[in-house]
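Notes follow once the structure below has been shown.
Letters A, B, ... are given to chains in the order of the sequence lines, protein chains preceding strands, and every chain is numbered from 1. Just so you know, these numbers come straight off a predicted model, no measurement behind them.
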Amino acid sequence: MPAEFVIETRDLSYVFGDQKVLDQISLRVPPGTIYGFLGPNGAGKTTTIKILLNLLHSKEKNVFLFGQELNDHRIDVLSRIGSLIEQPAIYFHLTGRENLVNRARLLQLTSARVNEILDLVELTESAEKKAGKYSLGMKQRLGIGLALLPDPPLLILDEPTNGLDPNGIIEVRHLLQKLVKEQGKTVFISSHLLSEVEKMITHVGIINHGKLLFQGTIEELHGVSKSQIVIVTADLVESANLLLRNGYHAEVISDTIRIPFTTLGEVADVTAFLVSNKHQVYSISQSRENLEDLFLSITQS
Amino acid sequence: MKGFILSLKSEFYKTRKTLAFWSAILFPLVLCCLISFGFYYNSAKIIPFPAETQWFRFVGAFLGVMGSLLIPMLVIFQTFSINNIEHRSEMWKSLFSLPISKWSIYSAKYFYALFLNALCISLFASFIFASGYIMNFFVPEFKFNQYDISGLLFKMHLKLFLASTGILSIQFLFSLLWADFLKPMGIGFLFTVFGIITANLGWKYAYTIPFAHPMLALQNIMGQIMGREDKQRVFDLMDKEIYISLGVAVITFVIGYFVINKRNIK
């Protein structure tokens, strides 16, 4: 029976010297999803990823991939993962093709697969060029190609859009979406910029100071974003004072009154209240905090 | 075993265009050419000697340098180059996240370093042997073709190879742990000088220092060959410093694996 989660950690903690880098992280990544693992630099993303790849060792048996405990099933688990950690690890003195051929030989893959990957990451024309002479974007694409080479069901990519121009980011997004949609792969992708990955991810985990602050679907993340009623009246200060005196959390921000709300009934109540008190209401609208602001408010809270 | 063979092939594939590999071939070739030219232009001084003495003078020109400085320095350079390929590309994390056992990756790298050292030393023996005959072709007055030194020559080089395995293991571990060239190079050079001094001074515990082993091996070879009254050119392949060198190699190799296995890859 396939595991419920492709990646699962149970209260994973990790300490570097005296510093607690991860504090009871419980990741749950369902199969067939693109899971965005977000957090500012130094939040603990790369440490988590290194633990998932057994490069750093969790002392307890609390890391499970494909339902298998990692320390006990290292080779089996790693055979189902393609990874890219921080900057792509490539041999600069070898060509792009030679980098892929070397990895293919290690993993007993055919040279036809190398050609497929070169096509997929659009490096066929530069395949014979030394990887040291590649641009940052090309190196990143080669790194992704190396991760994809064994056709693994799980891709773990640490900041794969680093150094890519907007077109490069769009290409990576399309590639990953295609892999998930057409081949049913699971992608675990880390980034410190929500804007770079929000258009591709289906699930999100937000980490800061080693703690997992939010985990859920992207829709659930939208759900926790603050909705506000935005009101413009003839006399903003008078209207705001009236609302405050009557228990509404009104704030005047850039020539509008803003009041948080959860149900549409509250919008109707506020409107009726102002009108019944003879305030001239010019406009009433709703605004929702964008994800970037929400991400910042979660990580800075 | 499959992981080991695949990793070993990968080591060759990765290094085949680098100095790590080519130094093992070019170094003996260039040195042989240089010393042969020296003998060729000074042939008049060598020709009067008997065939055996001509060979010993020619071989001695190499072995003196090899035993003291050349082998330790080559080993330091080669072990550094093999591990530096991974350090330079920050490749350790990628290598150790592959579905291949750490033992296979580590031991393949070690045995590749051992192979390069063996290749280099055996090429020295081959090129020296070939050079003698080539010089004889150009200067027929030489008597290199009148004495078969092949058996003795390869046995000497085999002993030097065995004597260098301890240094190789230690330097391999150093270059595995440290990415910069200065630490393994500096420590290795310091130990090499220490080894040369102790061996030359005839310190009775010099055999405990792996970096002195090639020099001691050479001294033993010369001592046994020259000291025989029956003029038989034979010497013991295995003696105290060779056993210690092999022992150090095995112990350091095992320690290196435990270090790698327990080490977190940052």
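Distance alone, capped at 3.5 Å, places no donor-acceptor pair between the His93(A) side chain and the Thr15(B) backbone.
Between chain B and the options Ile85(A), Asn54(A), Ile156(A), the largest number of non-hydrogen pairs under 4.5 Å is found for Ile85(A). Chain A forms the most heavy-atom pairs under 4.5 Å with one residue out of Thr18(B), Leu98(B), Ile5(B), Leu95(B), and that residue is Leu98(B). Counting heavy-atom pairs closer than 4.5 Å to chain B, the top residue among Leu84(A), Leu53(A), Leu94(A), Ile90(A) is Ile90(A).
Phe191(B) CZ: 12 or fewer foreign heavy atoms inside a 6.0 Å radius. More than 12 heavy atoms of other residues, nucleotides or ligands shown are found within 6.0 angstrom of OH on Tyr257(B). Within 6.0 Å of CD on Glu125(A) lie no more than 12 heavy atoms contributed by other residues, nucleotides or ligands. With a 6.0 Å radius and a threshold of 12 heavy atoms from other residues, nucleotides or ligands, Lys155(B) has its NZ atom above the threshold. Residue Trp103(B) qualifies as enclosed at atom CH2: its count of foreign heavy atoms under 6.0 Å is above 12. By the 6.0 Å contact criterion, CZ on Phe37(B) is open, its count of non-hydrogen atoms from other residues, nucleotides or ligands being 12 or less.
If you measure heavy-atom distances from Lys2(B) to chain A, the contacts under 4.5 Å come from the side chain alone. With a 4.5 Å cut-off on non-hydrogen atoms, Lys14(B) touches chain A through its backbone and its side chain both.
With rounding to the nearest 0.5 Å, the separation of OG in Ser97(B) from CD1 in Ile81(A) is 8.5 Å. Here the straight-line distance linking atom CZ of Arg74(A) with atom CZ of Phe96(B) works out to 8.0 Å at 0.5 Å rounding. To the nearest 0.5 Å, atoms CG (Asn99(A)) and CE (Met91(B)) are separated by 6.5 Å.
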Report, one line per pair, each donor and acceptor closer than 3.5 Å where one atom sits in a side chain of residues 103-112 of chain A; sequence neighbours left out.
from      : atom 1 : to        : atom 2 : distance (Å)
Arg103(A) : NH2    : Ser94(B)  : OG     : 2.7
Thr110(A) : OG1    : Arg113(A) : N      : 3.4

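Inter-residue side-chain proximity for Arg16(B) and Glu98(A) is flagged as met; some heavy-atom pair is nearer than 4.5 Å.
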